[in-house]
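As the structure is a prediction and not an experimental result, all values here were calculated from the model. Basis for what follows: all heavy atoms, side chains included, without hydrogens, waters or symmetry-related copies. Chain A is the first sequence line, chain B the second, and so forth, proteins listed ahead of strands; every chain is numbered from 1.
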Amino acid sequence: MQVSMTVNGTEVSRDVEPRQLLVHFLRETLGLTGTHWGCDTSNCGTCVVLVDGVPVKSCTQLAAMTAGHEVRTVEGLADGGTLDPVQQGFMEEHGLQCGFCTPGMMLTARALLDRQPHPDETTIREAISGQICRCTGYATIVRSIQWAAAHPAAAPSDQEVRA
Amino acid sequence: MQVPAPFDYVRATSVAEALQLLERHGEEARLIAGGHSLLPMMKLRLARPDWIIDINDLDELRHVTVDGGLLRVGALTRHADLLDSEEVGRLFPIVHDAERVIADPVVRNRGTIGGSLAQADPAEDLTTVCDVLRAEVVVAGPAGERTVPMAEFHRGPYETACGQNELLVEVRFPVRAGQGSAYEKVERRVGDWAVAAAGAAVVLADDGTIAEAAVGLTALGLEGLATDAAAALVGQRPGEEAFAAAGRLAAEASAPVEDGRGPVDYKRHLADELTRRVMRTAVARAGALTAVPGG
């Protein structure tokens, strides 16, 4: 079936099986492998993307269900060469170790800060409670999000995104 | 990789169209809302529908309104919507208690009240909440709408009064002046199913005694309300003695099974302890409400 949606601001349209999950549509059909694929059971949260600005677990949503909606993945966080404050926060505060949970954590953080620019620590911990960091680096993830909240227009103009 | 078996997908744009599609595709069609119960079951081949009817576009089923002594909640209302509603929290604090411990915040962005009730998982929280609040559900079918009390809607694990050609459209909670309510769950970690949970709703009489009480248990093998526990509370002065009696009777009414979440003794203990805790909170909340008028 033909499925059309907006991904990171770009309209995409592909012929997919109705059973294709959003995570596989993003990773395999579109080649956007920044969204990670973990437990497959909506427990780990590494596959979190934003659909219409709301964090969802893309392993538990069909691509077909997402047709007509706006998806934002980790590839859509940086604005050209400028990192999103959340991305820079994860750099400044060492918010990642192995990096597997990072895309999902950053998107949940982005959605939280869009809704609530100055969350307290409890609110941040609650927001990421559906996502697992197997390195157990939660303290630095929380600090990274706090850093982003404190620097809403963070990235200096010389901040380059390096491949 | 876990992927569902092949199926055909169709999106409904109205309740009427969803019902027509259910009628047309028959036994092997399933409705999908949040999908956080159905899709995992499809990945495991516990469910293998030929047709998936997506009802996420039915905005007419996504509302939270107070109307004529009833709180009306559309079946497609997300868990996150209920948590966001201050009015729901004020009128029925038990709903917020339960919603805070349903799955996790990201799953709550998708999961719906109608999906939870229709799925009728034995460890699902909102069935107990609706039971103690004496909620009714509205079911739409080919012959029109019918209203079913929660006690008749929930028939047991994974079984409800909603027929294959019907659609749950609304949940209605009667607003009771001076009602206090509470829910508490023990879970191993965020997002896990309940080891056990209990819910209670009470109304206090003018003299401070308990005029009405309802107690329900989740994941403890009890279908419907713990009626003996509730009966023991009515007419009593709220306090530890009455709560302990209710806890003991709720534990006796429970029929837990041993599994990875704990042995029978432990779960029975939780039935007792959680009943006492939710009664304490529900009474305190009812007291706070009755104390408010006049200052």
Side-chain angles (χ1 to χ4, degrees), chain A residues 1-3 16-25 27-28 37-69 104-105 107-109 111-112 115-116 119 122-132 138, chain B residues 1-13 29-57 76 78-81 83-84 99-111 115 187-193:
Chain A
M1 65 181 291
Q2 199 67 20
V3 165
V16 302
E17 275 193 275
R19 63 173 169 166
Q20 188 178 45
L21 299 163
L22 179 58
V23 64
H24 301 311
F25 179 77
R27 287 178 56 85
E28 290 157 31
W37 166 51
C39 72
D40 237 344
T41 56
S42 76
N43 280 283
C44 80
T46 194
C47 66
V48 166
V49 299
L50 305 187
V51 176
D52 301 331
V54 175
V56 304
K57 294 184 175 177
S58 62
C59 76
T60 310
Q61 177 154 329
L62 300 170
M65 294 166 74
T66 320
H69 293 274
M105 289 288 185
L107 286 161
T108 300
L112 170 66
R115 194 178 141 117
Q116 205 173 334
T122 307
T123 306
I124 294 172
R125 287 185 177 274
E126 167 69 16
I128 61 169
S129 62
Q131 289 159 264
I132 295 170
Y138 296 103
Chain B
M1 189 194 300
Q2 292 183 19
V3 175
F7 56 84
D8 285 311
Y9 170 94
V10 59
R11 207 182 268 204
T13 53
R30 291 285 179 281
L31 299 169
I32 196 161
H36 278 65
S37 296
L38 182 56
L39 284 173
M41 288 177 75
M42 287 168 65
K43 290 177 179 182
L44 296 170
R45 303 297 190 271
L46 294 171
R48 204 168 170 168
D50 290 339
W51 281 89
I52 285 291
I53 302 168
D54 186 347
I55 57 169
N56 281 288
D57 282 355
L76 200 61
R78 314 275 171 194
H79 297 302
D81 297 336
L83 266 179
D84 280 347
E99 285 292 356
R100 274 189 208 99
V101 292
I102 289 174
D104 63 59
V106 181
V107 172
R108 290 198 293 265
N109 286 335
R110 293 295 296 165
E187 57 185 356
R188 296 181 303 179
R189 58 178 169 76
V190 168
D192 194 18
W193 295 106

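- At a 4.5 Å heavy-atom cutoff, the contact between A/Met65 and chain B is made by backbone and side-chain atoms alike.
- B/Asp104 places a side-chain heavy atom less than 4.5 Å from the side chain of A/Lys57.
- Using a 4.5 Å cut-off between heavy atoms, A/Ala127 contacts chain B through its backbone alone, with no side-chain atom that close.
- Interface remark: of the candidates A/Glu17, A/Gln131, A/His24, A/His24 forms the most heavy-atom pairs closer than 4.5 Å to chain B.
- Atom CE of B/Met42 and atom OG1 of A/Thr60 lie 12.0 Å apart (nearest 0.5 Å).
- For residues 38-50 of chain A, the set of pairs meeting the side-chain hydrogen bond (donor to acceptor under 3.5 Å, both in side chains) definition, not counting sequence neighbours, comprises A/Trp37-A/Asp40, A/Asp40-B/Lys43, A/Thr41-A/Asn43.
- Proximity to chain A (any heavy atom under 4.5 Å) is shown, for B/Ala80, by neither the backbone nor the side chain.
- Proximity to chain B is absent for every atom of A/Ala111, based on heavy atoms less than 4.5 angstrom apart.
- Note: A/Ala67 leads A/Gly45, A/Gly68, A/Ala67 in heavy-atom pairs under 4.5 Å with chain B.
- Heavy atoms of A/Glu126 lying under 4.5 Å from chain B belong to its backbone as well as its side chain.
- Judged by distance alone, the side chain of B/Arg110 and the main-chain N or O of A/Gln61 form no donor-acceptor pair under 3.5 Å.
- The candidate with the highest count of non-hydrogen atom pairs below 4.5 Å against chain A, out of B/Val107, B/Val106, B/Asn56, B/Leu39, is B/Val106.
- For the set B/Asp84, B/Leu38, B/Asp8, B/Asp57, the count of heavy-atom pairs under 4.5 angstrom toward chain A peaks at B/Asp84.
- Looking at A/Val56, both its backbone and its side chain come within 4.5 Å of chain B, counting heavy atoms on both sides.
- Applying the ring pair (Phe, Tyr, Trp, His ring centres under 6.0 Å) test to residues at least two apart or on different chains, the pairs with a partner in residues 37-56 of chain B are B/His25-B/Trp51.
- For chain A, the nearby part of B/Ile32 is the side chain; its heavy atoms alone come within less than 4.5 Å.
- Around atom CZ of A/Arg115, no more than 12 heavy atoms belonging to other residues, nucleotides or ligands sit under 6.0 Å away.
- Put simply, the side chain of A/Leu62 reaches to within 4.5 Å of the side chain of B/Phe7, judged on heavy atoms.
- Ranked by non-hydrogen atom pairs under 4.5 Å with chain A, the options B/Pro6, B/Gly191, B/Ala5 are led by B/Pro6.
- The two residues B/Pro105 and A/Ser129 make their nearest non-hydrogen contact at CD-OG, 3.2 Å.
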